[in-house]
Amino acid sequence: MSELWRPSAGRIQDANLTRFMRCVNARRGTRLDSYEALYAWSLEQPQDFWREVARFADLRAAWGSGAALEHPTAMPGARFFPGAQLNFAENLLKFDDGEPALVFRNEAGARRVISYRELREEVARIADGLAAAGVEAGDRVAGFLPNLPEATIAMLATASLGAIWSSCSPDFGVHGVLDRFGQIAPKVLFTADGYFYAGKTLDSLGPMAAVLERLAGVARVVVIPYVETAPALARLGAAAQRALPWQDFGRPGRRLTFMPQPFNHPLYILYSSGTTGVPKCIVHGAGGTLLQHVKEHLLHVDLKRSDRIFYYTTCGWMMWNWLMSALATGATLVLYDGSPFHPDAAALWHLAGEERVTIFGTSAKYLSALQKRDYVPARETDLAALHTLLSTGSPLLPEGFDYVYRAVKADLQLSSISGGTDIVSCFALGCPIRPVYRGEIQCRGLGMAVDIFDEAGKPLRGERGELVCTAPFPSMPVGFWNDPDGAKYRAAYFERFPGVWHHGDYAAITEHDGLVIYGRSDAVLNPGGVRIGTAEIYSAVEALPQVAEALAVGQDWQDDVRVVLFVRLQPGVQLDEALRRQIRETIRAQTTARHVPARIVAVPDIPRTLSGKLTELAVRNVIHGLPVKNHDALANPGALEHFRNLPELQS
């Protein structure tokens, strides 16, 4: 792959990563002078490495005198800092000044700025309200919220008490919310009265009334006025008697206190996509989440106090949790609520220019959509402040790299990152002192023993296989909720390769020691016994101007598997034989003959999860006549009907 960007000598010299290596060398007597050397040391000396990360990040904790890593070869079973006590919120709120902590914007034109001092005051008030409602360490507090400052405040107040935060975005349906919150029994629930999306004002209190009919254990409902100045709490129905407006919850002027907890004390409950059944409730610990996030923010993103970091996310995606931890660096978080394309494709880029965003985070699908529209942000917006662009959610295709450097900015670190809800962080991500190569994630994360295994569990280099992690890392889940013996947890990650974390991505380590993700391994195609990553097909076909997006699955056919490609075409385009031939020729030229689909079918819509990811497994089940177990996990479940009983797949 060709080199697209290389950091300047000045940028390398000023990088947090460079400063970290100097600190480690001075304290440990090492001679670390490159990312390769630092990465190797982080795996060889994990106890020293994670201690140095905590020190460099100025984490507030009572570390204790014991080992930094207990049972270091056990997966699962290893424990980081078993004698430590800390509070997550205390570490995110260690700054107490007039610098902006949060800048909030929405598609309706609202703008709010909250300083670090104001943030601390509001967290103290809401924590007081939670304590008065009976919330104690270990209790669950839930949010059904847009990406508002109040969501940040409620989460931090929850964490200050040692309680557990869990959130869904307001586009989750009633059943989707109940599938999640119904499992964890929250004591307090925060909701807004509504939200804005694509020029529409949408109600949240009606759905929340239906949810609360089934959540009798919620002692208090806190309603945030957002789309209305004074929403009528009576719209919550019988639950109105448990409801209170945001402004009346907690007493102003209370002293902010933090309840220290063990390092592995539960902080968050996140959820699997739920497309194969009721979502798994993944419990993440406070210390592991904090330590992993400050490592990623400081050393991989190169986040500094002067930065303004934006990530387009909802409260139902783990990138929201990841973004929140950036408060620990003292940077400014730029929050946005609304459609990224309202009123047009320029919406987020105008925000980036006006707010002087330095780090812009988004999804690969968003960049692909801009590319299809031939939208060039650099023509319309002053992006002089922007120095880093982050992309995740699905593999960023090589053409996406080309688009960013052509249309956004030439002097820019493009960091494609990959991890997931399971680890609330990344296995592979950016490196501010390394070049960017077309189509490649820059590096494996520090302290993350990421490898690629073949089917027999043997390491591969330069070949595609299963992405694994062979040593413990701090942000492994504490466990699953309602999984007392850990059986579901072990089955999810450790059954395929005993003692090794199996992540479920199909990937390869490159000659530059970077990483390429070829898609989810459970969606890998297997025609003639040859494994093919779906991302390779998408890279070829989505470069065609006629194709808006594509989805490939394997269809069981005549004792083998054949590749079926579904395409959503641009408006006015018809799938005729000429276009089918062009698609096949393009795929064959850019990949191999085995990648060429046996059938190509046009569909008006493609199903995606609530976090925006295409769901190949649901489509595969439908074309084989198998049930899709949880329609509520999909943002557009009606799209599945386009795949039932297709005549093109009967012969």
Side-chain angles (χ1 to χ4, degrees), residues 104 106-108 110 112 114 118 121-136 139-158 161 163-182 184-197 200-254 314-316 335 337-338:
F104 170 74
N106 71 10
E107 69 169 44
R112 294 162 56 194
I114 298 175
E118 291 167 335
E121 290 169 356
E122 276 292 89
V123 169
R125 178 174 71 85
I126 298 303
D128 178 72
L130 290 172
V135 173
E136 299 176 343
D139 287 338
R140 279 74 62 208
V141 176
F144 180 70
L145 294 169
N147 188 16
L148 297 171
E150 286 81 1
T152 304
I153 293 163
M155 178 277 289
L156 290 168
T158 299
L161 300 174
I164 307 169
W165 174 260
S166 189
S167 57
C168 293
S169 57
D171 55 348
F172 279 53
V174 171
H175 291 294
V177 176
L178 287 170
D179 280 349
R180 290 158 175 80
F181 294 167
I184 67 168
K187 183 173 283 188
V188 173
L189 192 148
F190 291 86
T191 181
D193 56 346
Y195 62 105
F196 301 101
Y197 197 84
K200 299 177 181 177
T201 302
L202 301 161
D203 176 53
S204 289
L205 295 185
M208 190 45 51
V211 166
L212 289 166
E213 286 181 6
R214 302 277 298 276
L215 294 181
V218 174
R220 178 65 73 189
V221 183
V222 183
V223 178
I224 298 159
Y226 177 40
V227 302
E228 300 178 49
T229 305
L233 302 187
R235 284 157 50 201
L236 287 171
Q241 61 185 355
R242 295 181 268 162
L244 197 67
W246 169 268
Q247 60 271 24
D248 295 338
F249 190 66
R251 294 169 292 177
R254 308 306 293 175
T314 72
C315 296
L335 311 178
D337 173 48

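Just so you know, residue 1 is the first one in the sequence shown, and it goes up from there.
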Anything under 30° is parallel, anything over 60° is perpendicular, the rest tilted; go ahead and classify W165 against F190. tilted
Compile the donor-acceptor pairs under 3.5 Å between side chains in residues 245-253 and protein atoms, sequence neighbours left out, one pair per line.
residue, atom, partner, partner atom, Å
R251, NE, D128, OD1, 3.4
R251, NE, D128, OD2, 3.0
R251, NH2, D128, OD1, 2.8

Backbone N/O of A133 and side chain of K187: donor-acceptor pair under 3.5 Å: no
Has the side chain of D193 got a donor or acceptor atom that lies under 3.5 Å from a matching backbone atom of V227? yes
Which atom of [X] lies closest to which atom of [Y], heavy atoms considered:
X    : Y    : answer
L161 : A131 : CD1-N, 4.1 Å
L215 : G182 : CD2-CA, 3.8 Å
P186 : A142 : CB-CB, 3.8 Å
G134 : D139 : O-OD2, 3.5 Å
A192 : Y226 : CB-CB, 4.3 Å
I184 : S166 : CD1-CB, 3.6 Å

Full working for side chain to side chain contact (heavy atoms under 4.5 Å, CB included) between D171 and Y197: CA-CA 10 Å; D171 55 348; Y197 197 84; over 6 Å; no
In Å, rounded to the nearest 0.5 Å, how long is the span from [atom1] of [X] to [atom2] of [Y]?
X    : Y    : atom1 : atom2 : result
R242 : L244 : CZ    : CG    : 13.5 Å
L212 : L189 : CG    : CG    : 6.0 Å
H175 : R214 : NE2   : CZ    : 7.5 Å
L156 : I126 : CG    : CD1   : 11.5 Å
L130 : R125 : CG    : CZ    : 10.5 Å
E213 : L178 : CD    : CG    : 10.0 Å

Is the shortest heavy-atom distance from the side chain of [X] to the side chain of [Y] under 4.5 Å?
X    : Y    : value
I114 : E122 : no
F144 : V211 : no
V223 : L236 : yes
T314 : F172 : no
I153 : L148 : no

Distance-only donor-acceptor pairs under 3.5 Å for side chains of residues 201-210, two or more places apart:
residue, atom, partner, partner atom, Å
D203, OD1, L205, N, 3.2
D203, OD1, R235, NH2, 2.6
D203, OD2, G206, N, 2.8

Which residue pairs pass the side chain to side chain donor-acceptor pair (under 3.5 Å) test when at least one of the two sits in residues 149-158, sequence neighbours left out? R112-E150
Y195 vs N106, side chain to side chain contact (heavy atoms under 4.5 Å, CB included): CA-CA, chis, key distance, verdict: CA-CA 10 Å; Y195 62 105; N106 71 10; over 6 Å; no
